[in-house]
Participant: 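Pasting in a structure now, in structure tokens, and then I'll have a few things to ask.
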Amino acid sequence: MNLQDLYRHVILDHSQRPRNRHALANALAVRLLNPTCGDEVTLYLTVEQGVVADASFEGVGCSISIASASMLTEAVRGLPLSEALVLSRAFRRLVQGEDADVTKLGDLEALSGVRQFPARIKCALLAWNALEQGIRGEPDEP
Ligand code: FES
Ligand code: FES
């Protein structure tokens, strides 16, 4: 299996069997729309003493956006908020085709291929935009 096949396999796995796709009670919730396509994702976070205790998501979207949200919920659990932001920035750089520290990205590297498709970059970043907005404590979109 070459790297591209492996990446495709990871994306397919997370889009067909998304992890943590449910609402979370008593959580910080941020709902964001991708204006290009009308898809939306709601990200739920519970934070205990500055650490992400739990993360989940709901929403509709293409396989890229669902896979990205699914991987996000796995990647940020247990991280201090500051490290979740560092991870988010590294992922953003990766999918935008900039130099990124991939050492902490793990499975998320599977989404690196979207850098060639500007519309797909928005799909991959939807849940991450919600994460960053939630961490900054900005209000939800109406
Ligand atoms: Fe996501 Fe076109 S807007 S694939
Ligand atoms: Fe809508 Fe990808 S096409 S989020």
Side-chain angles (χ1 to χ4, degrees), residues 1-48 51-142:
M1 196 189 269
N2 68 29
L3 196 58
Q4 289 314 314
D5 287 341
L6 175 67
Y7 285 174
R8 230 171 274 131
H9 176 79
V10 170
I11 293 170
L12 211 62
D13 180 42
H14 275 272
S15 62
Q16 292 179 341
R17 297 188 307 114
R19 321 299 196 266
N20 310 307
R21 191 181 195 172
H22 53 77
L24 262 186
N26 304 318
L28 176 70
V30 180
R31 183 168 67 98
L32 278 189
L33 182 78
N34 180 350
T36 333
C37 58
D39 292 332
E40 61 170 47
V41 66
T42 304
L43 186 72
Y44 299 92
L45 287 180
T46 56
V47 179
E48 286 168 19
V51 173
V52 179
D54 206 354
S56 70
F57 79 102
E58 285 185 308
V60 288
C62 60
S63 50
I64 296 289
S65 67
I66 297 300
S68 186
S70 170
M71 286 189 237
L72 179 160
T73 60
E74 291 204 312
V76 298
R77 189 174 292 151
L79 289 187
L81 291 180
S82 57
E83 280 185 36
L85 265 186
V86 169
L87 181 73
S88 184
R89 295 205 181 108
F91 179 70
R92 187 177 297 275
R93 292 182 69 79
L94 174 80
V95 298
Q96 288 176 343
E98 297 158 21
D99 282 340
D101 177 6
V102 295
T103 51
K104 288 182 183 155
L105 288 175
D107 279 0
L108 287 161
E109 240 189 302
L111 288 164
S112 58
V114 302
R115 67 181 76 175
Q116 291 151 39
F117 309 98
R120 298 242 113 187
I121 295 173
K122 289 197 182 122
C123 303
L125 288 177
L126 188 58
W128 296 85
N129 290 338
L131 174 74
E132 290 192 15
Q133 193 166 309
I135 290 177
R136 287 199 204 96
E138 290 173 15
D140 294 6
E141 284 200 341

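What you see below is based on every heavy atom in this structure, not just the backbone, and it leaves out hydrogens, waters and symmetry mates. Both counts, for ligands and for their atoms, begin at 1 and track the order of listing.
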Participant: Which of the numbered atoms in ligand 2 are under 4.0 angstrom from any heavy atom belonging to Cys62?
Facilitator: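 Those atoms are 2 (Fe), 3 (S), 4 (S).
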Participant: If we ignore hydrogens and angles and just use 3.5 Å, is the side chain of Thr73 paired with the main-chain N or O of Ser56 as donor and acceptor?
Facilitator: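 No, because the side chain of Thr73 does not come within donor-acceptor range (under 3.5 Å) of the backbone of Ser56.
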Participant: Does Arg77 use its side chain to pair, donor to acceptor, with the backbone of Ala55 at less than 3.5 Å?
Facilitator: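 Looks like yes, one N/O pair under 3.5 Å.
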Participant: If I take atom 1 (Fe) of ligand 2 as the centre, what angle separates the SG atom of Cys37 from the OD2 atom of Asp39? Nearest 10 degrees is fine.
Facilitator: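 It comes to 100°.
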Participant: Between the main-chain N or O of Ser15 and the side-chain N or O of Arg17, is there a donor-acceptor pair closer than 3.5 Å?
Facilitator: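 No.
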Participant: By number and element, which atoms of ligand 2 are closer than 4.0 Å to a non-hydrogen atom of Ser65?
Facilitator: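 Taking each heavy atom of Ser65 in turn, ligand 2 has 4 (S) under 4.0 Å.
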Participant: Counting backbone and side-chain atoms alike, is an N, O or S atom of Cys123 positioned under 2.8 Å from atom 1 (Fe) of ligand 2?
Facilitator: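 No, since none of the N, O or S atoms of Cys123 sits under 2.8 Å from atom 1 (Fe) of ligand 2.
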Participant: Do any N or O atoms from the side chain of Arg115 and from the backbone of Ser112 form a donor-acceptor pair under 3.5 angstrom?
Facilitator: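 Answer holds: yes.
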Participant: Going by ring pair (Phe, Tyr, Trp, His ring centres under 6.0 Å), name the residues that satisfy it together with Tyr44, two or more places apart in sequence or in a different chain.
Facilitator: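 Not a single residue meets the ring pair (Phe, Tyr, Trp, His ring centres under 6.0 Å) criterion with Tyr44.
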Participant: Would Ile64 count as a contact of ligand 2 if the rule is a heavy atom under 4.0 Å away?
Facilitator: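 No, Ile64 has no heavy atom closer than 4.0 Å to ligand 2.
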